[in-house]
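Only this structure's heavy atoms are used, side chains among them; waters, hydrogens and symmetry mates stay out.
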Amino acid sequence: MSSSPPLIVVIEDEAPIRRFLRASLSVEGFDVLESTTAKEGLRAITQQHPALVLLDLGLPDADGLDIIRQVREWSALPIIVISARGEETSKIAALDAGADDYLTKPFGVGELLARARVALRHGAQRAGFEAAPARVTLGEIVIDLALRTVTKEGEEVKLTKIEFDLLAALARNVGKVVTHRQLLKEVWGPHAVQESHYVRVFMANLRKKLEADPARPQWLITEQGVGYRLKESAPG
Ligand code: CA
């Protein structure tokens with residue numbers, strides 16, 4: 001960690017929400033820089049090098065999706081979308097464009113801060129070393145991406161190739177929502193992006209093998225209609 005507090009750029013045209021974000025984030029020790037338009041926001045990102053961006057989609061001069069696409073051409077900077085658009089299609093579009101996460105307005109301070117912490121941790125990891133961590137630990141479950149093994153309470157769990165690839169795709173993005181489309185593309189290939197039932201079937205298998213109660217998954221979390229998220233273990 002550097003000594004100066006992490007800078008968060010907020011791109012949001014609604015003043016009450018900007019005030020809410022500034023108040024919530026300042027208390028936690030973040031520096032906050034507010035932008036009210038896409039143009040201002042992009043300038044802030046390129047000139048100030050923030051650690052995280054909170055981005056509204058409905059901006060007066062552009063759609064927030066355009067900002068995500070532009071930034072993703074040159075930066076892996078964490079971006080969390082904050083939007084009143086709650087429909088699944090909007091979430092999917094934002095995540096597919098390269099957003100790290102999505103919060104639907106209204107949202108609580110607790111959720112905002114938790115998601116911000118996860119995004120900042122990923123940003124720091126990406127900045128520190130290019131490759132994803134070789135090992136992801138979820139409570140008693142250890143996923144070794146380099147050795148392609150999974151253990152639960154020290155015992156090896158036998159997974160098929162597809163099951164492992166699916167788990168690995170989530171593990172490389174631990175804490176983040178991965179859309180059905182991204183999973184299909186990564187595990188089955190670009191021709192399979194419409195076949196979301198593949199993911200459902202294999203996710204059910206993974207839950208049976210890894211979760212204590214597959215009907216109430218603790219780690220392999222469904223983001224309804226959007227995709228899946230591998231829940232991160234509490235740090236420490
Ligand atoms: Ca707006």
Side-chain angles (χ1 to χ4, degrees), residues 1 6 8-9 21 24-25 28-30 50-55 68 71-72 75-83 88 91-104 107-146 150-152 163-187 199 202-203 206-207 210-212 216-236:
M1 282 278 150
I8 299 183
V9 164
L21 291 171
S24 317
L25 295 166
E28 292 295 307
F30 295 112
L52 172 67
V53 174
L54 297 178
L55 173 67
I68 301 172
V71 170
R72 280 295 169 262
S75 171
L77 160 72
I79 300 174
I80 298 178
V81 166
I82 42 169
S83 179
E88 289 164 10
K91 294 185 189 175
I92 292 166
L95 294 164
D96 278 341
D100 291 79
D101 209 342
Y102 197 107
L103 277 166
T104 305
F107 48 82
V109 180
E111 187 174 20
L112 166 72
L113 295 172
R115 302 260 182 127
R117 279 193 295 269
V118 169
L120 283 164
R121 221 160 30 238
H122 290 145
Q125 280 166 5
R126 282 195 290 249
F129 47 100
E130 279 302 301
R135 221 167 223 244
V136 176
T137 303
L138 314 165
E140 294 296 319
I141 303 165
V142 179
I143 305 162
D144 192 314
L145 295 167
V150 179
T151 57
K152 188 179 166 185
E163 287 167 359
F164 186 85
D165 288 349
L166 183 58
L167 185 63
L170 291 165
R172 280 193 294 275
N173 296 285
V174 66
K176 281 176 58 177
V177 187
V178 186
T179 65
H180 295 124
R181 190 186 168 82
Q182 288 165 336
L183 290 170
L184 286 161
K185 205 165 142 193
E186 196 158 325
V187 177
V199 183
F202 282 87
M203 196 60 68
L206 279 176
R207 282 179 174 151
L210 299 175
E211 295 281 359
R216 289 200 187 80
Q218 194 186 346
W219 305 109
L220 296 154
I221 308 299
T222 301
E223 292 282 336
Q224 206 61 49
V226 177
Y228 294 91
R229 176 201 301 268
L230 204 60
K231 193 165 164 227
E232 220 166 14
S233 296

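- Under the side-chain contact (heavy atoms from CB on, under 4.5 Å) criterion, A169 pairs with R172, L183, E186, V187, not counting sequence neighbours.
- When all heavy atoms of A51 and P6 are compared, the closest pair comes out as CB-CB, 4.0 Å.
- Counting only heavy atoms from C-beta outward, the side chains of L95 and V178 never approach each other to under 4.5 Å.
- Taking the side-chain contact (heavy atoms from CB on, under 4.5 Å) definition, one finds that E163 meets it with L159, T160, F202, N205, L206, K209, sequence neighbours left out.
- Nearest heavy atoms, A99 versus V81: CB-CG2, 3.8 Å.
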Start with the C-alpha gap between I8 and L21, add the side-chain angles, then the distance that decides, and say whether side-chain contact (heavy atoms from CB on, under 4.5 Å) holds. CA-CA 10 Å; I8 299 183; L21 291 171; over 6 Å; no
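- Using a 4.5 Å heavy-atom threshold, the side chains of V71 and V53 count as separate.
- The side chain to side chain donor-acceptor pair (under 3.5 Å) check on D96 picks up T179, with sequence neighbours excluded.
- For the side-chain contact (heavy atoms from CB on, under 4.5 Å) test, residues two or more places apart in sequence or in another chain that qualify with V118 are R121, H122, E232.
- T222 pairs by the side chain to side chain donor-acceptor pair (under 3.5 Å) definition with R207, not counting sequence neighbours.
- With a 6.0 Å radius and a threshold of 12 heavy atoms from other residues, nucleotides or ligands, K152 has its NZ atom above the threshold.
- Remark: L55 CG to I80 CD1 distance equals 10.5 Å, nearest 0.5 Å.
- Between V9 and L54 the shortest side-chain heavy-atom distance does not fall below 4.5 Å.
- Listed by chain and number, the residues in a salt bridge (Lys or Arg N to Asp or Glu O under 4.0 Å) with E211 amount to none (sequence neighbours excluded).
- For R229 and D100, the salt-bridge test fails: no basic side-chain N is under 4.0 Å from an acidic carboxylate O.
- F30 pairs by the ring pair (Phe, Tyr, Trp, His ring centres under 6.0 Å) definition with nothing, not counting sequence neighbours.
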Give the C-alpha distance, both sets of side-chain angles, the deciding distance and a yes or no for side-chain contact (heavy atoms from CB on, under 4.5 Å) between L167 and L220. CA-CA 9 Å; L167 185 63; L220 296 154; 4.0 Å; yes
Walk me through it: do L170 and Y228 pass the test side-chain contact (heavy atoms from CB on, under 4.5 Å)? CA-CA 8 Å; L170 291 165; Y228 294 91; 3.9 Å; yes
Evaluate the side-chain contact (heavy atoms from CB on, under 4.5 Å) criterion for residues T104 and K91: first the C-alpha distance (whole Å), next the side-chain angles of each, then the deciding distance (0.1 Å), finally the verdict. CA-CA 9 Å; T104 305; K91 294 185 189 175; 3.5 Å; yes
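- Residues passing the ring pair (Phe, Tyr, Trp, His ring centres under 6.0 Å) test with Y102, sequence neighbours excluded: none.
- At distances below 3.5 Å, at least one donor-acceptor pair connects side-chain atoms of R72 with backbone N or O atoms of L77.
- Partners of R115 by side chain to side chain donor-acceptor pair (under 3.5 Å), not counting sequence neighbours, listed by chain and number: D101, E111.
- Between the CG atom of L52 and the CZ atom of R117 there is a distance of 12.0 Å, given to the nearest 0.5 Å.
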Residues 137-145, side-chain donor-acceptor partners within the protein, below 3.5 Å, at least two apart:
unit_1 : atom_1 : unit_2 : atom_2 : d
D144   : OD1    : A146   : N      : 3.0
D144   : OD1    : L147   : N      : 2.9

